[in-house]
Amino acid sequence: MPQLSGHETFPMRYGWLKKAYDAVQETRDLDENHSIFNDVSAIARFGVGKNMVASIRHWATQCDVIQSGRKGAAAEPGFVGDKIFAEGGMDPFMENPSTLWLLHWKLASNPHLTTWFWVFNHFSGDHFERDTLVSALVKLGQERNWSRVTPSTIKRDVDCFVRTYVAKPATNKQTHEDTMESPLTELSLIKPIGKKDGFRIIRGPKVTLGDGIFTFALIDFWAKSTSANTLSFEAIAHKPGSPGKVFQLSEDDLVDRLSRIDAFTHGGIRWSETAGLKQLVRSKPPSDIDISFYLAEDYSTEHQGARGQ
C-alpha cells in the first residue's frame with residue numbers, strides 16, 4: 001500500500017532527527033512499554049505541538065534514525081541513528097553533506113514512500129509543477145486501485161515533498177520556525193524555475209556526494225536486487241531504487257564513480273567492461289563487506305567538503 005501521510009504536512013526540520021534519537025536513547029533503559037512519542041510529556045520534551053511530534057517520529061523512522069516499536073511499544077535506535085547521531089557519532093549536528101545524501105537515500109530509495117520514490121525513480125521528465133505530480137499520482141492510484149487515498153491526501157504529500165527539497169519563501173505571516181528550511185534543500189536536487197509553480201530536477205554530477213555514501217547505497221541496492229555476485233551497469237543506472245536514479249546521476253557520472261570503486265573498496269567490488277559487458281563484480285561475500293567502514297570514509301578529515309552542489 002502507498003504511504004502518503006505520517007509527516008503531518010511538515011517537512012523534515014533541522015535538529016529533529018537528533019532530538020528523536022536522543023529521546024529514544026534516554027528512555028530505552030527505562031521500564032516503559034510505550035513510545036516516548038506517545039507519552040504525555042512528548043510535547044514538552046520536543047518543544048513542539050502534537051502533530052509535529054508525530055512528524056518528528058515519522059522522519060526519524062523513515063531515515064532509520066530510530067525503529068518505531070509496533071503497537072505503541074518503545075522505539076529503538078536505528079542504524080543511521082547509531083552511526084550519525086549517537087554520542088561520538090560521525091555527524092550528530094549534520095555538518096557534513098554526506099549525512100544529507102544518506103538521509104536522501106533512505107527516503108528516495110524506499111518504495112513505500114510513494115511520492116519520494118515515484119518522483120526520483122519513475123518520473124520521466126526533468127520539469128514539473130505540483131499539479132503535474134498530483135495528477136500523475138492520482139492516475140497511478142486509480143490504476144493500482146489504491147483504497148482510501150484521495151486527491152487531497154496526495155496533494156498534501158506532494159506539497160510536503162516539494163518543501164523537503166525546495167526552500168519555502170518566507171512571508172510576513174509565518175513564524176520563524178515555519179520559515180526554517182528542510183536540510184535536504186542544501187542538496188539542490190530540485191530547483192524552482194520561472195514565475196509559476198514550476199520546478200526542475202537536477203540531473204548530473206553531485207560533487208558533495210562522497211564515494212562512501214555512494215558505495216553504501218550501491219551495496220544496499222545490490223542486496224535488495226539480487227544475490228548474484230555481479231550487478232549490471234544498466235541496473236545501477238536505470239532500475240528504480242538504484243543509485244543512478246535516486247541520486248539523479250548521468251551514465252557518465254556513474255562510470256566515473258564505478259571506475260574507481262575497486263581502489264575504494266580495496267578489491268571488494270570490481271568494475272568490469274569485459275567484452276563490452278559493463279558490470280560490477282563482487283569478489284567478497286556480502287557478509288565480508290563492511291558497509292560501516294565505507295560509510296565512515298566520507299567523514300574523515302580529508303573527505304570533508306563544503307555544502308551545496
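- Contact annotation: the side chain of D91 never approaches that of S98 to less than 4.5 Å [non-hydrogen atoms, C-beta and beyond].
- A salt bridge links D220 with K224; the closest basic N to acidic carboxylate O contact falls under 4.0 Å.
- Summarising the geometry of V166 relative to P192, their closest heavy-atom pair is CG1-CD, 3.8 Å, with the distance given to 0.1 Å.
- With hydrogens and angles ignored, the 3.5 Å screen pairs a side-chain donor or acceptor of K18 with a backbone N or O of F85.
- Salt bridge K206/D253: absent, no basic N to carboxylate O contact under 4.0 Å.
- Taking CD1 from I66 and CG from D22, the interatomic distance works out to 11.5 Å, rounded to the nearest 0.5 Å.
- Two rings, from F264 and F214, have their centers 6.0 Å or more apart.
- Enclosure of atom CZ in R144 is not indicated, since only 12 or fewer non-hydrogen atoms of other residues, nucleotides or ligands lie within 6.0 angstrom.
- A donor-acceptor pair under 3.5 Å links the side-chain atoms of T164 to the main chain of C160, judged by distance alone.
- Between the R200 side chain and the D126 main chain, no donor and acceptor come within less than 3.5 Å of each other.
- Checked by atom type, the side-chain pair D252/S250 shows no donor-acceptor distance below 3.5 Å.
- With a 4.5 Å cut-off on side-chain heavy atoms, I190 and V162 do not count as touching.
- Under the side-chain contact (heavy atoms from CB on, under 4.5 Å) test applied with L231, the options L218, V281, I219 reduce to a single match, L218.
- Exactly one of W118, F199, F120 qualifies for a ring pair (Phe, Tyr, Trp, His ring centres under 6.0 Å) with F161. That residue is F120.
- Using modelled atom types, no side-chain atom of Q62 and backbone atom of W59 make a donor-acceptor pair closer than 3.5 Å.
- Each of T208, T185, L184 was checked for a side-chain contact (heavy atoms from CB on, under 4.5 Å) with L100, and the lone residue meeting it is L184.
- Between V48 and V53 there is a side-chain heavy-atom pair separated by less than 4.5 Å.
- At least one donor-acceptor pair under 3.5 Å links the side chain of Y299 to the backbone N or O of T99.
- Side-chain contact check for L280 versus T230: every heavy-atom pair is 4.5 Å or farther apart.
- When all heavy atoms are compared, the tightest approach of H58 to G6 is CB-O, 3.1 Å.
- Ring orientation note: the planes of H104 and Y165 are nearly perpendicular, at an angle over 60° on the 30°/60° scale.
- Checked by atom type and distance alone, the side chain of S259 pairs as donor or acceptor with a backbone atom of D256 at under 3.5 Å.
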- Task: Could you walk me through whether Y294 and D211 pass the side-chain hydrogen bond (donor to acceptor under 3.5 Å, both in side chains) test, one step at a time?
- Result: CA-CA 8 Å; Y294 301 139; D211 286 342; over 6 Å; no
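- Judged by distance alone, with hydrogens and angles left aside, the side-chain atoms of S55 form no donor-acceptor pair with the main-chain N or O of M52 at under 3.5 Å.
- Contact of the L295 side chain with the M90 side chain is registered, since non-hydrogen atoms from C-beta on lie closer than 4.5 Å.
- Here H266 contributes atom NE2 and S283 contributes atom OG; the two are 12.0 Å apart, rounded to the nearest 0.5 Å.
- Annotation for E87: atom CD does not count as buried by contact number, only 12 or fewer foreign heavy atoms lying within 6.0 Å.
- Side-chain polar atoms of S232 and K278 form no donor-acceptor pair below 3.5 angstrom.
- Close placement of the H122 and F117 rings is indicated, their centers lying within 6.0 Å of each other.
- The closest side-chain donor-acceptor pair between S182 and Y14, if any, does not fall under 3.5 angstrom.
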- Would you check, one step at a time, whether the test side-chain contact (heavy atoms from CB on, under 4.5 Å) holds for Q67 with T61? CA-CA 6 Å; Q67 295 180 350; T61 302; over 6 Å; no
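- Two residues are said to be in side-chain contact when any heavy atoms from C-beta on lie closer than 4.5 Å; Y21 and D82 meet this criterion.
- Here the side chain of D298 pairs a donor or acceptor atom with the backbone of G212 at under 3.5 angstrom.
- Using a cut-off of 4.0 Å between Lys/Arg side-chain N and Asp/Glu carboxylate O, D197 and R130 are scored as salt-bridged.
- Rounding to the nearest 0.5 Å gives a distance of 8.5 Å between CG of L254 and CH2 of W271.
- Across all their heavy atoms, K239 and K245 have their closest contact at O-CG, 3.6 Å.
- Checking W222 against T226 by side-chain atom types alone, no donor-acceptor pair falls below 3.5 Å.
- Using modelled atom types, one side-chain atom of R282 and one backbone atom of A228 make a donor-acceptor pair closer than 3.5 Å.
- In this structure, the side chains of L258 and F233 come closer than 4.5 Å at one or more pairs of heavy atoms.
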- Given salt bridge (charged side-chain N to carboxylate O under 4.0 Å, His left out), test K155 with D159 step by step and report yes or no. CA-CA 6 Å; K155 186 177 185 300; D159 182 61; over 6 Å; no
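- Using the six-membered ring where Trp is involved, W16 and F10 have ring planes that are perpendicular, over 60° apart on the 30 and 60° scheme.
- In summary, the side chains of H238 and E251 do present a donor paired with an acceptor at a separation below 3.5 Å, with no hydrogens or angles considered.
- Between C63 and L103 the shortest heavy-atom distance is CB-CD2, 3.7 Å.
- Annotation: the span from L140 atom CG to T114 atom OG1 amounts to 8.0 Å, rounded to 0.5 Å.
- Once rounded to the nearest 0.5 Å, the distance linking NZ of K50 with CD1 of I43 reads 7.5 Å.
- Minimum interatomic distance between G241 and S109 (heavy atoms only, all atoms of both residues): O-CB, 4.3 Å.
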- Task: Walk me through it: do L209 and R257 pass the test side-chain contact (heavy atoms from CB on, under 4.5 Å)?
- Result: CA-CA 10 Å; L209 173 61; R257 288 180 178 274; 3.5 Å; yes
- Go through L137 and D157 one step at a time and tell me if the side-chain contact (heavy atoms from CB on, under 4.5 Å) criterion holds. CA-CA 10 Å; L137 287 167; D157 199 53; 5.9 Å; no
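- Between N110 and K106, the closest side-chain pair of non-hydrogen atoms is not below 4.5 Å.
- Distance check: M12 CE to I56 CD1 gives 12.0 Å after rounding to the nearest 0.5 Å.
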- For side-chain contact (heavy atoms from CB on, under 4.5 Å), just list the numbers for T265 and T215, CA-CA rounded to whole Å, side-chain angles, deciding distance to a tenth of an Å, and then say yes or no. CA-CA 8 Å; T265 61; T215 303; 3.9 Å; yes
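- Among all heavy-atom pairs drawn from E8 and A54, the shortest one is CG-CB, 3.9 Å.
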